Asks: 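Take a look at this one; I'll ask things after.
Predicted model only: the values in this text are computed from it and were never measured. Positions are given from 1, in the same order as the sequence printed here.
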Amino acid sequence: LAAAPLVECPRCCGKRHATILCVMNTRAALRFAMLTIAGGISCADGPVVVGDNTPPGVTILQPAPGQFAAGDSINVLASATDAQQGTLGAASLDWWVDLHHGEHTHPFVPVTNGMPGRFGIPRAGHTDADIFYRISVSATDAGGLSDTTQVDLSPRLIEITLLTQPEGLTVTLDHQPRQTPLTMSTVVGGERVIGAPELQSIGTLEYEFARWAHGGPLSQVIAAGSSR
């Protein structure tokens, strides 16, 4: 018990207000209490058993598992209940968001205390098809026990196609050269940068960029899912 945590528990000793330092074992069951009374008088209290502590249960209310589009604003709301304390307050809840991209993970929203929360999905950057956001919420009770749950949001996808006349010419997507015809999936609402060399050749024939069928400059930003 010497290494067990101490928590303050208000209690009355006779008519004097006192603070009990509750020595708790690893199962968070109260074993012994020492009353320190105002005025420097101390008295020992016998063993006080309050029952074993159990972890709280946390539920994510928003968002529900589902999909997102670039530019979305995501609300985060959760609640937690505890068998010993009842409904836990917002200060007992922490939330964070991780961006999963392929085989690796990026911290997206750091651990944040309290509820409700909100975060935004960027329009530029990670707009590939192989991403998802994982929202985690953790609840911790007064005894230090916790519960964590997660909700995943997957992307709404749309296909974009880049063509040239003739086929086989080079364009750039997000500043990387790609050969046409090119079709790929991307997050709805995501911004991608397209471009092309002013001059290029296939064999002995040289081609000069003329225009995009939808208009606009040689290098431009397009929003996936828009009319452009």
Side-chain angles (χ1 to χ4, degrees), residues 60-78 95-112 116-137 148-228:
I60 296 178
L61 305 174
Q62 294 181 11
Q67 295 183 308
F68 68 87
D72 282 353
S73 180
I74 308 297
N75 294 318
V76 180
L77 183 63
W95 66 279
W96 63 95
V97 182
D98 293 314
L99 169 61
H100 291 250
H101 182 199
E103 299 299 320
H104 57 279
T105 302
H106 306 275
F108 188 73
V109 177
V111 176
T112 304
R118 176 179 292 183
F119 68 97
I121 306 293
R123 293 190 178 275
H126 288 90
T127 55
D128 295 327
D130 60 342
I131 67 170
F132 70 92
Y133 291 89
R134 174 162 292 166
I135 302 151
S136 300
V137 179
T148 302
T149 190
Q150 296 92 21
V151 163
D152 290 346
L153 297 180
S154 58
R156 290 172 51 205
L157 299 175
I158 190 171
E159 284 191 342
I160 60 174
T161 300
L162 297 178
L163 301 172
T164 60
Q165 294 179 344
E167 289 185 355
L169 292 172
T170 296
V171 295
T172 59
L173 179 65
D174 298 330
H175 310 291
Q176 299 301 312
R178 307 291 291 270
Q179 188 176 30
T180 61
L182 171 66
T183 298
M184 65 181 302
S185 295
T186 191
V187 178
V188 169
E191 294 180 346
R192 311 298 294 260
V193 182
I194 62 171
E198 291 190 27
L199 294 172
Q200 56 182 300
S201 60
I202 297 180
T204 60
L205 298 177
E206 188 172 79
Y207 296 90
E208 182 179 3
F209 177 84
R211 65 183 178 86
W212 293 107
H214 61 268
L218 175 61
S219 178
Q220 59 180 277
V221 175
I222 61 170
S226 73
S227 59
R228 297 183 62 189

Asks: Roughly how far apart are Trp212 CH2 and Ser219 OG, rounded to 0.5 Å?
Replies: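 Here the rounded value is 9.0 Å.
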Asks: Quick one, Val187 with Phe68, criterion side chain to side chain contact (heavy atoms under 4.5 Å, CB included). Give me CA distance, side-chain angles, the key distance, then yes/no.
Replies: CA-CA 8 Å; Val187 178; Phe68 68 87; 4.0 Å; yes
Asks: Kindly give the heavy-atom pair with the smallest separation between Ala64 and Leu153, and that separation in Å.
Replies: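 Nearest pair, atom of Ala64 first, then Leu153: O-CD2, 3.6 Å.
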Asks: List the steps and the verdict of side chain to side chain contact (heavy atoms under 4.5 Å, CB included) for Tyr207 and Leu169.
Replies: CA-CA 9 Å; Tyr207 296 90; Leu169 292 172; 3.8 Å; yes
Asks: Can you check whether Gln200's main-chain N or O pairs, donor with acceptor, with Glu206's side chain at less than 3.5 Å?
Replies: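 It does not hold such a pair.
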Asks: Testing the basics here: between Ser154 and Phe132, what is the closest heavy-atom pair and its distance to 0.1 Å?
Replies: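 Minimum heavy-atom separation between Ser154 and Phe132: CA-CB, 4.2 Å.
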Asks: Would the distance check show the side chain of Thr172 and the main-chain N or O of Ile194 forming a donor-acceptor pair, the cut-off being under 3.5 Å?
Replies: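 It does not hold such a pair.
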Asks: Which atom pairs, one a donor and one an acceptor, fall under 3.5 Å between side chains of residues 101-111 and the rest of the protein, sequence neighbours left out?
Replies:
| residue | atom | partner | partner atom | Å |
| --- | --- | --- | --- | --- |
| His101 | NE2 | Asp130 | OD1 | 3.4 |
| His104 | ND1 | His101 | O | 3.0 |
| His104 | NE2 | His106 | NE2 | 3.2 |
| Thr105 | OG1 | His100 | ND1 | 3.4 |

Asks: Regarding Thr148 and Ser136, is there a side-chain donor-to-acceptor distance under 3.5 Å anywhere?
Replies: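 Side-chain D/A pair, Thr148 to Ser136: absent.
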Asks: At what distance, to the nearest 0.5 angstrom, does CD of Glu198 lie from CD of Glu208?
Replies: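 Reported value, rounded in 0.5 Å steps: 7.5 Å.
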Asks: If I take atom CD1 from residue Ile131 and atom CG from residue Leu99, how far apart are they, to the nearest 0.5 angstrom?
Replies: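 Ile131 atom CD1 to Leu99 atom CG measures 5.5 Å (nearest 0.5 Å).
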Asks: If I take atom CH2 from residue Trp95 and atom CZ from residue Arg118, how far apart are they, to the nearest 0.5 angstrom?
Replies: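 Between atom CH2 of Trp95 and atom CZ of Arg118 there are 10.5 Å.
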Asks: Taking all non-hydrogen atoms of both residues, which atom of Gln220 and which atom of Gly215 are closest, and how far apart?
Replies: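 Shortest heavy-atom contact: NE2-O, 3.2 Å.
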Asks: Rounded at 0.5 Å granularity, tell me how far CG in Leu182 sits from CG in Leu163.
Replies: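 One gets 9.0 Å once the value is rounded to the nearest 0.5 Å.
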Asks: Identify the heavy atoms of Glu159 and Ser185 that sit nearest to each other, and give their distance.
Replies: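 Closest heavy-atom pair between Glu159 and Ser185: CG-OG, 3.9 Å.
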Asks: What closest approach, in Å, do Ile121 and Ala70 show between heavy atoms, and which atom pair accounts for it?
Replies: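 That would be CG2-CA, 3.9 Å.
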Asks: Rounded to the nearest 0.5 Å, how far does CG of Leu173 lie from OG1 of Thr186?
Replies: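 One finds 8.0 Å between OG1 of Thr186 and CG of Leu173.
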Asks: For the pair Arg192 and Asp128, find out whether any cationic side-chain nitrogen is under 4.0 Å from an anionic carboxylate oxygen.
Replies: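 Salt bridge: yes.
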Asks: Kindly indicate, with the supporting measurements, whether the criterion side chain to side chain contact (heavy atoms under 4.5 Å, CB included) is fulfilled by Ile160 and Met184.
Replies: CA-CA 6 Å; Ile160 60 174; Met184 65 181 302; 3.8 Å; yes
Asks: Is Arg134 salt-bridged to Asp98, cutoff N-O under 4.0 Å?
Replies: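 Salt bridge between Arg134 and Asp98, a charged N being under 4.0 Å from a carboxylate O: no.
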Asks: Which heavy atom in Pro63 sits nearest to a heavy atom in Val151, and how many Å separate them?
Replies: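 The pair with the smallest heavy-atom distance is O-CG1, 3.7 Å.
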Asks: Taking side chain as C-beta onward, heavy atoms only, is His175 less than 4.5 Å from Val193?
Replies: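 The answer is yes, as the side chains (C-beta and beyond) meet within the 4.5 Å cut-off.
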Asks: Just do the side chain to side chain contact (heavy atoms under 4.5 Å, CB included) check on Phe119 and Val76 with the steps written out, would you?
Replies: CA-CA 8 Å; Phe119 68 97; Val76 180; 3.9 Å; yes
